[in-house]
Structures are given as C-alpha cells and as structure tokens.
Novice: 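First the structure, which I've put down as structure tokens, then a few questions once you've had a look.
Count residues from 1 along the sequence. Keep in mind that what you see is a predicted model, and the values were worked out from it rather than measured. All ligand and atom numbering here is 1-based and tracks the order in the structure.
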Amino acid sequence: MSAPFVTRFAPSPTGLLHRGHAYSALLAHEAARANRGTFLLRIEDIDATRSRKEFEAAIFEDLAWLGLSWPAPVRRQSAHLADYEAALSRLVAAGLVYRCFRTRREVAQAMASAPHGAMDTFRSDPLPSAEEAERLARGEPFAWRLSLAAAQARLGGFGNLTFQEEGAGPNGETGLIQARPELGGDVVLARKDVGVAYHLAVVCDDALQGVTHIIRGCDLFEAAHVQRLLQALLGLPTPVYRHHRLLAGPDGKRYAKRDKAETLRALREAGMTPERLRQEMGL
Ligand code: GLU
C-alpha cells in the first residue's frame with residue numbers, strides 16, 4: 001500500500017473566494033486525486049468578528065461549482081477551541097510562551113524604537129512576575145506569545161529544524177529547507193480576544209486531521225518556518241510543503257479579497273465556466 005496522502009484547502013470565511021483561492025483549491029484537489037489521497041476542506045473561522053456564515057456558504061457553493069468534492073464533516077476551527085487550548089496549556093507548562101499585555105500600538109512602537117536592523121520582528125521578555133501578577137489582578141487582557149529564546153534553549157538551537165518543500169517559496173526556495181522561525185519573531189499563539197491564533201490552530205488541525213501535504217500559496221512560505229517550530233515543540237509530525245506561485249491579474253498584482261470583479265461568484269455571474277477558468281490558469 002502506498003503512503004497516505006492527505007491535503008487540505010483551508011480558507012477563512014472573511015470574504016468571497018477569488019481566482020487565487022480557486023487555483024490553490026484546484027491544485028490541492030488534483031494532487032489528492034493523482035495520489036489516490038484525500039482532499040479536505042477546513043473552515044478557518046477563529047476570527048469571530050470577521051468570519052461570516054454567508055461567506056462560509058459561498059465557499060461551499062464556489063468549490064462545488066468548480067467541481068470539487070470533499071469528505072464530511074468539514075472541520076470548523078470555531079468548534080474546536082478546546083483542542084487549541086490543550087496545546088497552548090502544554091506550551092505554557094513547558095515555559096515556551098509568555099503573556100503579552102501590549103496593545104498593537106505598543107508593539108509597533110517597541111519595534112520602531114529598536115536599533116535599526118536589530119528588530120524587524122517583535123521579540124520581548126516576559127514581564128517581571130510582580131508586574132505580571134498586578135496586571136492579571138487588574139483583569140488586563142493579554143495574548144500568549146511564543147518565546148523564541150525559550151524554544152531555542154529547549155531544542156538546543158534551530159539547526160535540526162528542516163522541512164521538505166516540493167513547491168517553492170517566493171524566492172525559489174525548494175528542497176530541504178532549514179527552518180528559520182526567527183523570521184516571524186515571538187508570534188502570537190493566542191490572541192487576547194479569541195484565545196488562539198492562526199499558527200497554533202493550523203498546526204494542531206493539520207496534525208489532528210492527518211494532513212501529509214500542505215498545498216497553499218507562497219505568501220504563506222514564511223509561516224511554514226514558524227509552524228515547523230511549533231510541530232517540534234508539540235511533538236507533531238511535519239507535513240511536506242508545496243507552496244505555489246500566486247496568480248496575478250492583468251495589472252501584475254496578486255488577487256486579493258478586495259478585487260470584487262475577480263471573485264468566483266462575480267466571474268460565474270459574468271458567464272465564466274469552470275473549464276475556462278482552469279484553462280486560463282494553465283490547469
Ligand atoms: N486560512 C489561511 C488563509 O485563508 C490559510 C491557512 C493555510 O493554508 O495554512 O489564508
């Protein structure tokens with residue numbers, strides 16, 4: 001029996017899907033088919049303020065129109081917050097995260113006032129315990145940040161952290177990649193408002209769903225570096241990555257959620273067919 005092949009398309013229901021999403025979903029679906037594997041759809045809706053049910057419904061509609069199918073039930077991140085909390089508790093217990101009470105503005109200020117070149121991503125130290133206790137007692141909200149320093153000490157450096165890239169990063173990075181989680185700084189793993197954040201939820205879900213291949217746009221290549229570190233810290237398997245190029249419109253700019261005319265819904269309403277769309281994408 002050949003090795004299992006499980007991939008996923010994991011959109012956030014914060015807008016309508018556009019051509020770029022279709023490209024990602026079609027590539028992942030095709031890879032699963034070619035490998036007699038499984039294509040999963042996952043709804044990344046931890047951001048309760050920006051996620052909307054109508055966008056989720058549109059995702060199902062658009063993907064079905066493209067001719068894709070996926071097994072039920074579909075995993076919705078908002079229904080699995082306990083899984084992310086459990087993972088976070090392990091990181092807290094291991095001293096690999098710290099509480100950050102700073103506002104966005106304070107983080108930006110701290111970065112701006114750092115000596116030039118010394119800090120282009122945010123890194124900090126845990127607060128002295130007396131101050132932390134005081135702020136907790138006052139009920140101040142806080143985020144949990146990954147401590148790169150603690151992670152580095154735990155793993156004896158990041159030298160052994162690698163991942164396999166079968167596609168390419170934005171600068172053509174391919175093959176065995178040395179992970180550089182320091183690129184992301186001390187990332188937030190649990191937001192003040194929802195108690196979890198993107199990197200932690202994705203890493204937990206990919207492991208829980210047995211995802212073997214991550215196929216997504218190369219705008220998320222840097223995320224793989226951080227996610228590889230989280231996999232190591234949580235003792236989770238590392239999938240193979242296939243980052244793909246980003247589609248650009250006639251103006252050379254990549255498609256974004258704000259390009260209303262390029263949403264799959266608008267294209268469909270303008271008479272586009274899934275066959276022609278595939279052709280235009282070179283699929
Ligand atoms: N939810 C993310 C997005 O919509 C994708 C996450 C991933 O593929 O790892 O950009």
Novice: Just need the protein heavy atom nearest to atom 9 (O) of ligand 1, so name the residue and atom and give the distance.
Specialist: R216 NH1, 2.7 Å
Novice: Take the angle between the ring planes of Y255 and H18 and call it parallel below 30°, perpendicular above 60°, tilted in between.
Specialist: tilted
Novice: Both conditions, 6.0 Å and 45 degrees, for the charged tip of R99 above the ring of F142: are they met here?
Specialist: yes
Novice: For H21, is the nearest heavy atom under 4.0 Å from an atom of ligand 1?
Specialist: no
Novice: Among protein heavy atoms, which sits nearest to atom 8 (O) of ligand 1, and what does the distance come to when rounded to 0.1 Å?
Specialist: R8 NH1, 2.8 Å
Novice: With a 6.0 Å cut-off (strictly less than), is the heavy-atom count around CZ of R138, excluding the residue itself, greater than 12?
Specialist: yes
Novice: Please work out whether the ring planes of H29 and F39 are parallel, tilted or perpendicular, with thresholds of 30° and 60°.
Specialist: perpendicular
Novice: Looking only at distances, please establish whether an N/O atom of ligand 1 is found under 3.5 Å from an N/O atom of Y198.
Specialist: yes
Novice: Inspect the surroundings of CG in N160 and state if more than 12 heavy atoms from other residues, nucleotides or ligands are less than 6.0 Å away.
Specialist: no
Novice: Tell me whether E44 is salt-bridged to R75, with the criterion being a basic N under 4.0 Å from an acidic carboxylate O.
Specialist: no
Novice: Which residue owns the protein heavy atom closest to atom 5 (C) of ligand 1, what's the atom, and how far is it?
Specialist: A10 O, 3.4 Å
Novice: Looking at ligand 1, does any of its N/O atoms fall within less than 3.5 Å of an N/O of L220?
Specialist: no
Novice: Hey, which atoms in ligand 1 end up nearer than 4.0 Å to a heavy atom of E44?
Specialist: 1 (N), 2 (C), 5 (C), 6 (C)
